[in-house]
Amino acid sequence: MEISSILQGGYHHPLSRSWQGRRQLTKSMFMYPIFITDDPNASVEIPSLPGQRRWGVNRLQEFLGPLVQKGLTSVILFGVPLKCEKDSRGTPADDPSGPVIQAIKRLRTLYPSLYIACDVCLCEYTSHGHCGFLHQDGTINTEPSVERLAEVALNYALAGAHCVAPSDMMDGRIKAIKRKLIEAGLGNRCTLMSYSAKFASSLYGPFRDAAGSAPAFGDRKCYQLPPPAKGLAKRAILRDATEGADIIMVKPALPYLDVIADAAELIPNHPIACYQVSGEFAMIHAGAKAGVYELKTMAFEAAESMVRAGAGIILSYFTPEFLEWLSA
């Protein structure tokens with residue numbers, strides 16, 4: 001046998017196996033998505049997302065305190081308005097008394113070192129459930145949509161968010177948000193993380209159940225990317241990087257590992273994030289429950305595939321478990 005044929009000597013031991021990965025999973029890679037509702041005392045289970053709940057601002061300390069002690073470094077906030085009056089422009093999105101802005105201020109006080117990102121979108125707050133303003137025929141009206149999204153992002157930054165993350169997929173919103181931040185003197189004090197390659201996936205169902213963000217009619221296929229659209233994803237990644245995004249995100253993660261790898265190659269000097277979405281999380285739980293695999297083993301395999309593809313930031317509902325697992 002040729003000398004070059006012998007590979008197993010390099011990974012026969014648990015430690016040498018760990019050396020075969022160019023990057024190892026760390027706690028700081030994980031950003032935890034949090035659902036904040038407008039009932040300040042809420043702690044409501046989300047049946048389709050195992051172990052996840054909607055939280056009110058008055059319950060955040062009891063929920064996040066133990067996780068911060070275990071090494072939680074970042075969260076991303078999603079507003080879940082249940083009591084407010086929604087309208088066509090998503091007015092409640094940046095209501096100063098609304099759940100997101102209240103949560104930003106509470107978390108900045110409770111945990112000064114915790115990195116707080118905010119999802120920026122209108123779908124949870126509009127009466128029609130779409131991510132932007134609409135023409136009378138129901139199609140997207142881009143320019144006022146972008147202006148409103150930039151306004152919401154700025155108000156989150158002014159409230160104290162360290163990062164704003166537009167997930168709407170409207171054309172040109174990265175440039176508009178960056179300009180707003182710069183004009184307000186926050187261009188160098190607030191990170192802009194773009195959901196650049198967000199696909200029209202079948203894996204968002206549990207999230208829409210959690211956030212109450214399903215569209216009242218139609219779908220989002222005219223602005224979220226078609227699943228086969230590799231070239232379009234590359235164009236969106238390059239556009240958003242050029243428009244001023246500080247971090248590029250791919251969503252979902254596991255079905256789009258090739259796009260994560262493309263992003264890492266296209267923009268090697270940008271951090272690459274990916275979102276292990278609600279459907280991915282629920283599927284891993286369902287498979288473990290059915291005895292297909294062991295939950296922890298599969299969760300690690302999935303997360304490690306994302307890092308192997310090129311991601312350095314993983315938005316995941318498994319974050320609390322990884323804080324435990326990575327301490328063992």
Side chain to side chain contact (heavy atoms under 4.5 Å, CB included) between L122 and D168, worked out:
CA-CA 7 Å; L122 300 179; D168 53 283; over 6 Å; no
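Using a 4.5 Å heavy-atom cutoff, the side chains of H162 and R108 are in contact. When side chains are defined from C-beta on, T191 counts as touching Y115, because their heavy atoms get closer than 4.5 Å. Considering only heavy atoms from C-beta on, L25 stays 4.5 Å or farther from W325 through its side chain. Looking at H285 and F318, their side chains come closer than 4.5 Å, going by heavy atoms from C-beta outward. For the pair E151/R89, a side-chain contact is recorded, criterion being any heavy-atom separation below 4.5 Å from C-beta on. Contact of the P96 side chain with the N155 side chain is not registered, since no non-hydrogen atoms from C-beta on lie closer than 4.5 Å. Side-chain contact check for N58 versus R106: some heavy-atom pair is nearer than 4.5 Å. Residues L77 and L107 are in side-chain contact: their nearest non-hydrogen atoms beyond the backbone lie under 4.5 Å apart.
No salt bridge links K178 with D240; every basic N to acidic carboxylate O contact stays at or beyond 4.0 Å. Residues D171 and R239 are paired through a salt bridge, judged by an N-O separation under 4.0 Å between the basic side chain and the carboxylate.
Note: F322 and F30 have parallel aromatic rings, judged against thresholds of 30 and 60 degrees for the angle between ring planes.
Checked by atom type and distance alone, the side chain of R17 pairs as donor or acceptor with a backbone atom of Y11 at under 3.5 Å. Remark: side-chain polar atoms of Y317 are not paired, donor with acceptor, to backbone N or O of S278 under 3.5 angstrom. Side-chain N or O atoms of H270 include one that pairs as donor or acceptor with a backbone N or O of A245 at under 3.5 Å. For the pair D38 (side chain) and L82 (backbone), a donor-acceptor distance under 3.5 Å is present. Within the 3.5 Å criterion, the main-chain N or O of S43 finds a donor-acceptor partner in the side chain of R53. In this structure a side-chain-to-backbone donor-acceptor pair under 3.5 Å is missing from R173 to S194. Remark: side-chain polar atoms of K27 are paired, donor with acceptor, to backbone N or O of K70 under 3.5 angstrom. Remark: side-chain polar atoms of E280 are paired, donor with acceptor, to backbone N or O of V277 under 3.5 angstrom. A donor-acceptor pair under 3.5 Å is absent between the side-chain atoms of E45 and the main chain of P47, judged by distance alone. A donor-acceptor pair under 3.5 Å links the side-chain atoms of S145 to the main chain of F133, judged by distance alone.
Checked by atom type, the side-chain pair D39/T37 shows no donor-acceptor distance below 3.5 Å. In this model, a donor atom of one side chain and an acceptor atom of the other lie less than 3.5 Å apart for Y195 and D119.
For the pair K198 and Y275, the cation-pi criterion (under 6.0 Å, within 45° of the ring axis) is not fulfilled.
Applying the ring pair (Phe, Tyr, Trp, His ring centres under 6.0 Å) test between W55 and each of F78, Y32, F63 identifies F63 as the sole match.
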